[in-house]
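Quick notes on the structure that follows.
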Amino acid sequence: MKKILLILFAAGTLSSCDKFLDTESYDKKNTGNFPVTVADANSMLTGIYSSLNAAISNVQNTHFYMAELASDDRFGGGGENDRDMQALDHLMNTQPDRFLTFWTARYQGIFRANTALETLDQVEGWTNEAQKNQVLGEVYFLRALYYFELSQLFGEVPLVTSTSVSNLPKAPADETYALIADDLQNAINLMPASPYTSVASGHATKWAAQALLARVYLFYTGYYNKTELPVASGGSISKAQVIQGLEECISNSGHDLVADFRNLWPYSNEFTKKDYPYAQDNNLSYAGDGNKETVFAVKFGTLVDWGDQYMLGYSNQFNLHFSLRSNNGQAGTFPFGQGWGAGPVNSSLWNDWRQAEPTDVRRVGSIINADTDLDSYIYGADNQMEETGFWQKKYIAVTAYDEGRFIPSYAILADAAAAEYQLAHTQDLVLIRFADVLLMHAELSETNTNLNRVRARANLAPVGYSLAALKRERRWELAFEGLRYFDLMRWQEAATALGRQEGVPIRNKGIDTQMRGFGGGYAARYEATGGFWPIPISQIALSDGVLTQNKGWGESTHEFPGW
């Protein structure tokens with residue numbers, strides 16, 4: 001029987017013992033001689049984390065990228081030939097293996113996590129039990145995160161829990177979420193209840209696991225109409241238990257809100273600020289990567305290239321894709337730089353926000369209004385599509401000047417990043433932020449204390465708790481952070497909200513038009529797919545049909561025809 005590609009790919013990371021030769025290999029790592037030391041264990045853990053960056057090497061096929069462009073608050077954008085971007089916005093397909101690189105990276109990470117769970121007991125030399133438990137806790141956290149992202153993207157997926165090779169069908173969602181819950185419980189129980197600063201930046205903590213458990217609980221119970229989250233080892237997790245975990249995180253983690261929301265984003269950095277009146281006038285000061293509000297993030301660095309020695313995903317490729325297309329991104333749009341023009345902001349978000357909270361500093365702190373904020377913005381630059389004149393400013397190239405010389409990224413000055421606009425982005429991709437922890441607690445407990453804590457940071461008056469108020473606050477505070485699409489799914493509001501994109505004014509290649517639906521329209525596409533995306537066709541072929549395609553995919557009418 002053929003073995004599904006995810007197993008074959010992952011298995012290449014460790015070779016098994018050549019038992020038929022009855023000899024030990026001294027020059028290759030295998031499960032007989034690796035891991036045996038604490039250094040080996042840390043190396044193994046690093047390999048699991050690296051799967052986060054491996055997916056970002058092909059960034060437009062990732063969970064976060066899809067969630068942003070498919071949401072109602074952003075369009076696809078890009079140039080006239082960037083159908084992959086536009087198809088995500090319209091919930092349509094462009095190629096048989098659209099998400100193969102993400103599927104492969106996540107199952108690679110899962111395989112590595114399974115290997116670690118099967119072999120870490122053979123490691124000797126731990127300083128103490130707490131050191132071992134921290135590593136184990138991080139492994140459980142990462143496996144849970146990888147399965148959760150796969151489940152949000154594809155719905156039901158194969159559930160691989162060991163390193164043995166098998167050809168697996170999709171598991172029921174209840175089973176996958178039960179494993180996710182079990183893994184997160186293990187992570188929470190293993191990792192210490194010490195301040196987040198006791199763990200190296202970029203590593204998971206007990207608090208990150210508690211926050212992720214709340215996110216999993218909210219999505220699973222909301223989307224699947226459940227009241228509790230099943231646990232693979234037995235029992236279930238109740239809302240009260242999730243609330244208790246969040247309260248522990250809020251009280252004991254050491255995480256807190258940064259004083260000014262705008263200091264979370266790199267446009268407030270010291271190298272850009274001196275030439276950026278908005279940052280100067282508001283006395284902004286970048287809190288930096290790994291600040292106290294970051295609960296868990298994907299880290300990036302300067303050892304990056306096009307795959308010759310390092311991974312492209314070691315740089316933040318979201319910043320490149322979400323930046324302004326060529327002919328913009330220079331001095332005329334300072335401090336916002338050049339990229340591929342993905343994800344123009346839906347003008348409805350700007351208008352709804354201004355009407356609901358006209359004094360909210362987060363609106364201008366999150367969105368660029370090209371007509372008022374930029375010196376000489378060019379509409380239709382490089383055949384920009386689905387353009388609105390609004391762009392997000394959280395994950396975007398931020399430029400600077402060095403003694404009068406224009407620099408394509410502040411990170412070239414701040415971090416000695418590569419002096420190349422496609423590779424120079426070092427900003428963390430924050431997957432869990434403390435403000436989200438506060439808002440999840442407010443939603444689950446149906447209380448307004450933490451809701452108003454988030455509002456107070458933006459100098460907004462307190463409000464009483466209501467689900468409607470909570471939904472508005474999540475939309476404003478967490479815009480462009482990969483959460484809106486899944487919030488709409490779990491609130492059972494996606495079809496209606498996505499459908500409202502039709503008729504919004506846009507420009508294609510500088511020509512005024514309106515956004516329109518394809519494949520029957522936004523609502524029809526959502527209803528047809530349930531919000532999930534196609535399993536890569538190569539995986540179905542390699543499984544000899546054991547894997548089946550998700551509903552709403554696989555026919556010519558599901559392919560994006562382009563404008």
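All of these numbers come straight from a predicted model, not from anything done at the bench. Note that these values count all heavy atoms, side chains included, but never hydrogens, waters or copies made by symmetry. The residues of the chain are indexed from 1 along the displayed sequence.
Looking at R98, its side chain does come within 3.5 Å of a backbone N or O of D84 through a donor-acceptor pair. The backbone N or O of Y485 lies less than 3.5 Å from no partner atom in the side chain of S71, so there is not a single donor-acceptor pair. Under a 3.5 Å cut-off, the side chain of D72 and the backbone N or O of A494 do not form any donor-acceptor pair. Side chain of Y49 to backbone of L142: no donor-acceptor contact under 3.5 angstrom is found. Of the possible donor and acceptor atoms, none in the side chain of D428 sits under 3.5 Å from a partner among the backbone N and O of K299. Within the 3.5 Å criterion, the main-chain N or O of W533 finds a donor-acceptor partner in the side chain of N550. The closest donor-acceptor contact from the side chain of Q549 to the backbone of I535 lies under 3.5 Å. Judged by distance alone, the side chain of E156 and the main-chain N or O of D174 form no donor-acceptor pair under 3.5 Å. Formation of a donor-acceptor pair under 3.5 Å by the K206 side chain with backbone atoms of S253 is not found in this model. At distances below 3.5 Å, at least one donor-acceptor pair connects side-chain atoms of Q241 with backbone N or O atoms of S238.
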Subject >> R490 vs E443, salt bridge (Lys or Arg N to Asp or Glu O under 4.0 Å): CA-CA, chis, key distance, verdict >> reply: CA-CA 13 Å; R490 67 185 178 85; E443 183 173 1; 2.8 Å; yes
**OP:** Determine, stepwise, if the pair D89 / R74 fulfils side chain to side chain contact (heavy atoms under 4.5 Å, CB included).
**Re:** CA-CA 8 Å; D89 173 59; R74 295 181 78 172; over 6 Å; no
**OP:** Decide ring-ring contact (aromatic ring centres under 6.0 Å, His included) for F480 and Y395; before the verdict, give the C-alpha distance in whole Å, the side-chain angles of both, and the deciding distance to 0.1 Å.
**Re:** CA-CA 8 Å; F480 320 125; Y395 293 104; 9.6 Å; no
Original post:
Is there a side chain to side chain contact (heavy atoms under 4.5 Å, CB included) between W563 and K509 once you walk through the steps?
Top reply: CA-CA 11 Å; W563 282 90; K509 299 188 288 186; over 6 Å; no
**OP:** I would like to know whether F434 and Y196 meet ring-ring contact (aromatic ring centres under 6.0 Å, His included); could you show each step before the answer?
**Re:** CA-CA 12 Å; F434 189 65; Y196 79 93; 9.4 Å; no
**OP:** Please lay out, stage by stage, how R475 and E357 fare under the test salt bridge (Lys or Arg N to Asp or Glu O under 4.0 Å).
**Re:** CA-CA 12 Å; R475 190 183 185 194; E357 299 282 6; over 6 Å; no
Original post:
Can Y267 and L284 be said to form a side chain to side chain contact (heavy atoms under 4.5 Å, CB included), step by step?
Top reply: CA-CA 9 Å; Y267 58 75; L284 302 184; 3.9 Å; yes
Original post:
Hey, mind stepping through F390 and W350 against ring-ring contact (aromatic ring centres under 6.0 Å, His included) and telling me if it holds?
Top reply: CA-CA 8 Å; F390 296 99; W350 176 268; 5.1 Å; yes
**OP:** Would you check, one step at a time, whether the test side chain to side chain contact (heavy atoms under 4.5 Å, CB included) holds for V454 with F261?
**Re:** CA-CA 10 Å; V454 173; F261 169 87; over 6 Å; no
Original post:
Given the rule in the ring-ring contact (aromatic ring centres under 6.0 Å, His included) test, do W391 and F322 qualify, once you have shown the distances and angles that lead to the verdict?
Top reply: CA-CA 8 Å; W391 297 92; F322 295 160; 9.5 Å; no
Subject >> Full working for salt bridge (Lys or Arg N to Asp or Glu O under 4.0 Å) between K394 and E68 >> reply: CA-CA 12 Å; K394 291 184 176 180; E68 279 301 293; over 6 Å; no
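Residue pairs meeting the side-chain hydrogen bond (donor to acceptor under 3.5 Å, both in side chains) criterion with at least one member in residues 335-349, sequence neighbours excluded, are Q330-Q338, N346-S348.
By the 30° and 60° cut-offs, the orientation of the rings of Y220 relative to Y224 is tilted. Note on ring orientation: taking the six-membered ring where Trp is involved, the planes of H63 and F102 are parallel (angle under 30°, cut-offs 30° and 60°). Using a 30° and 60° split on the angle between ring planes, F154 and W103 fall in the perpendicular class, above 60°.
Ring centroids of Y410 and Y276 are separated by 6.0 Å or more, keeping the two rings apart.
Evaluation of the side chain to side chain donor-acceptor pair (under 3.5 Å) rule for T513 yields no partner, not counting sequence neighbours.
Each of Y522, Y526, F75 was checked for a ring-ring contact (aromatic ring centres under 6.0 Å, His included) with H90, and the lone residue meeting it is Y522. E477 pairs in a salt bridge (charged side-chain N to carboxylate O under 4.0 Å, His left out) with only one of the listed residues (R363, K471, R433, R472), which is R433. The one candidate from I56, L88, L100, T101 that meets the side-chain contact (heavy atoms from CB on, under 4.5 Å) condition with N61 is T101. The side-chain contact (heavy atoms from CB on, under 4.5 Å) test with L264 is passed by exactly one of T294, V258, V430: V258.
Minimum interatomic distance between A209 and A187 (heavy atoms only, all atoms of both residues): CB-CB, 4.0 Å. When all heavy atoms of V295 and A211 are compared, the closest pair comes out as CG1-CB, 4.4 Å. Nearest heavy-atom pair, S51 versus A105, reported as atom, atom and distance to 0.1 Å: CB-O, 3.5 Å. When all heavy atoms are compared, the tightest approach of L498 to A70 is CD2-O, 3.2 Å.
Interatomic distance, L439 CG to L451 CG, rounded to the nearest 0.5 Å: 6.5 Å. The distance from the CZ atom of F336 to the CD atom of Q392 is 9.0 Å, given to the nearest 0.5 Å. Atom OG in S323 sits 11.0 Å away from atom CG in N328 (nearest 0.5 Å). Rounded to the nearest 0.5 angstrom, R106 CZ and L52 CG are separated by 5.5 Å. Atom CD of residue Q95 and atom CG of residue D97 lie 7.5 Å apart, to the nearest 0.5 angstrom. With rounding to the nearest 0.5 angstrom, the CG atom of L229 is 12.5 Å from the CZ atom of F219.
A donor atom on one side chain and an acceptor atom on the other are not found under 3.5 Å apart for T388 and E386. With no hydrogens or angles considered, a side-chain donor-acceptor pair links D360 and W353 at under 3.5 Å. Between the side chains of E80 and N383, a donor-acceptor pair is found at a separation under 3.5 Å.
Annotation: side chain of L483 is in contact with side chain of R474 (closest heavy-atom distance under 4.5 Å). Looking only at side-chain heavy atoms (C-beta outward), E293 and R457 come within less than 4.5 Å of each other. L218 is not listed as a side-chain neighbour of W491, based on a closest heavy-atom distance of 4.5 Å or more. Counting heavy atoms from C-beta on, the side chains of H441 and V437 never come closer than 4.5 Å.
A salt bridge links R215 with D436: the closest approach of a Lys/Arg side-chain nitrogen to an acidic carboxylate oxygen falls below 4.0 angstrom. The residues E493 and R500 are annotated as not salt-bridged, no charged nitrogen and carboxylate oxygen being separated by less than 4.0 angstrom.
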